[in-house]
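Working notes, beginning with the structure itself.
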Amino acid sequence: MQRPDDLNESQWQAVRHEGPHLLITAGPGTGKTHTLTRRIARSVPSLKSGEAILAITFTNKAARQMQERLTALGAARSQVFIGTFHAFCLKLLRDHLEHTGLPKDFKVAVPEDISGFDKETLERISLIKSSQLALEGDGDFKAYQRYLRQNNWIDFDDILREALILLEDEAVAGPLRRRFRHIFVDEYQDSNIVQNALLKILVRDGVLLTAIGDANQSIYGFRGSRVELFRRFEKDFSPSTILTLQDNYRSAPSLLKASGQVMGGIQLLAGLETEGKLVIHQAATDRAEADYVAHHIEKLIGGMDMNTSRRAVRSLGDIAVLYRLNAQRHAVAQALEHLGIPFQTAQKPKKPQEYSDEAILGQSEEEMEFNVEKVSLMSLHAAKGLEFPVVFIMGCEKNLLPLDLSGMKGDPEEERRLFYVGMTRAKEHLFLTHAKRRQLFGRTMIQEPSPFLADIAEDLKAYEAARRQAPKKGPDAAQMKLF
DNA sequence: TTTCCGCACTTTTTT
DNA sequence: AGTGCGGAAA
């Protein structure tokens, strides 16, 4: 068969690869989802009667999108189970209830249900659970599990752990292996130890595993994701092949080069020839930083491009503003509001939702869709998987990126990857801003630029000075703060 | 039992 | 700065 037009050579190689397990390393903008979808679709016709495909996604949203794309490619819904690890495992538990030790009417507890345990304890327990560590001696753990059992609950981590126990039963695992002959896992760099163990049980007796992801975009270590599982793939699933997609079709070459420098000199191949622009801006304060961003957005939308004397054609939906901490959002939001620029925050609605099986299985209907007539404000984490022509990353400062404030310190390597994820969201324009003085959690901090900025070659960076301030009369800055 | 004041603490997020 | 919690007062 000849290579389809919508696949490049390495994508095509990954799509048609046959034989044992496959790990596809797919950097940002290399057509990861497209390639994976095509590979899944291609494996459908090889299924015999009664066989099916298991496709694991990172979120329910991703599952829905994958389902849509596969349907468009003509795959029958009955032949493919698409869902998160949690959705798949919950279905297993329900379908094989009699083989589990769970009560018939067990419910899945959501964080809002749980009371009497502090956040720190719950996070610790969750990390322990998702890492398969020894639990017996832990008093908190015992009390917590007793509490769950009294309420007929299992928690999100338990869905996976109970499924793992269930799969030790050959009467359950055997038929599953004969049914799911192909398993696909997206975002493999963000899987955890329990998920890895589940895969090891499912992938036997000729079942073929395809995992795809990018170790440089692993940003969920704080909740149990283990990037070393990605690097260990060949050991875990042997024999296997590793293929790499390195043609980037998202970012302008100069931006690609810059992000590669931040990520220790890796280099994706530029598939575009668009002209990029990377601007560094230092502001006096966090508020001045927010004003700079807001004014710049105003200029991009309505104004004239001074260099080309053409009308700049950006819509609000082309623009994203990213930051490390949600606490930083307030300043930008205020500045945008002041200029009357509509914006949206990519955060899940906080309303106390009934968490039913349907929600975990991704079948709840309502979902926040992004509005193309609004600027998007979100954390760097929330930006993963998205792309925008214009991206602002605010707070590119020493203590914020990498995060290292009193009481909160991120893993330096993971923080670097997070910054990389942010940079690689940008297609054409990337603005990296920082402030000299910042108010955060009621404290004033004197800030230095993020060390990540120094990793970008000077010839790729343009330094943009602050707008000329209108001469201020009346109360000085110190007095202004009273308002 | 309810309300109020002072103190401590503050990430990132999906299921 | 804002919130949530615990202890003390009502």
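Computed from a predicted structure; not experimentally measured. Chain naming here is simple, since letters A, B, ... match the order of the sequence lines and numbering starts at 1 in each.
Between A/Asn326 and B/dT12, a side-chain N or O to OP1/OP2 separation shorter than 4.0 Å is present. Phosphate proximity of B/dT13 to A/Ser379: present, with a side-chain N or O under 4.0 Å from OP1 or OP2. Contact check, A/Asn60 against B/dT14: no side-chain N or O comes under 4.0 Å of OP1 or OP2. An OP1 or OP2 oxygen of B/dT11 is reached within less than 4.0 angstrom by a side-chain nitrogen or oxygen of A/Lys119.
Rounded to an integer number of Å, the gap from CG of A/Asn399 to P of B/dT10 is 16 Å. Rounding to whole angstrom units, CG of residue A/Leu440 and P of B/dT12 are separated by 11 Å. As a whole-Å value, the separation of A/Met408 CE from B/dT13 P is 13 Å. With rounding to whole Å, A/Glu123 atom CD is found 15 Å from B/dC9 atom P. Atom P of nucleotide B/dT11 and atom CG of A/Asp411 are separated by 18 Å, given to the nearest angstrom. Here the P atom of nucleotide B/dT13 and the OH atom of A/Tyr323 are 9 Å apart, to the nearest Å. Note: NZ (A/Lys129) to P (B/dT14) measures 20 Å, nearest angstrom. As a whole-Å value, the separation of A/His381 NE2 from B/dT12 C1' is 4 Å.
Of the listed nucleotides (B/dT11, B/dT14, B/dT10), B/dT11 has the atom at the smallest distance from the side chain of A/Leu325. Side-chain proximity of A/Ala382 to B/dT11, B/dT13, B/dT15: nearest is B/dT13. Closest approach to the A/Arg223 side chain among C/dA1, B/dT15, B/dT13 is made by B/dT13 (side chain taken as heavy atoms from C-beta onward).
The number of heavy atoms from other shown groups lying within 6.0 Å of CD (A/Glu98) is above 12. Atom NZ of A/Lys257 sits in a sparse spot, with 12 or fewer heavy atoms from other residues, nucleotides or ligands closer than 6.0 Å. In the displayed structure, A/Lys461 atom NZ is contacted under 6.0 Å by more than 12 heavy atoms of other residues, nucleotides or ligands.
Within 4.0 Å of A/Arg443, counting heavy atoms only, lies no atom of the nucleic acid at all.
Checking A/Thr210 against A/Arg39 by side-chain atom types alone, a donor-acceptor pair falls below 3.5 Å. A side-chain N or O of A/Glu187 and one of A/Gln189 form a donor-acceptor pair less than 3.5 Å apart. A/Glu397 and A/Ser450 share no side-chain donor-acceptor pair at under 3.5 Å.
A heavy atom lying under 4.0 Å from DNA chain B marks the following residues of residues 82-94 of chain A, by number: A/Thr84, A/His86.
A donor-acceptor pair under 3.5 Å is absent between the side-chain atoms of A/Arg416 and the main chain of A/Pro412, judged by distance alone.
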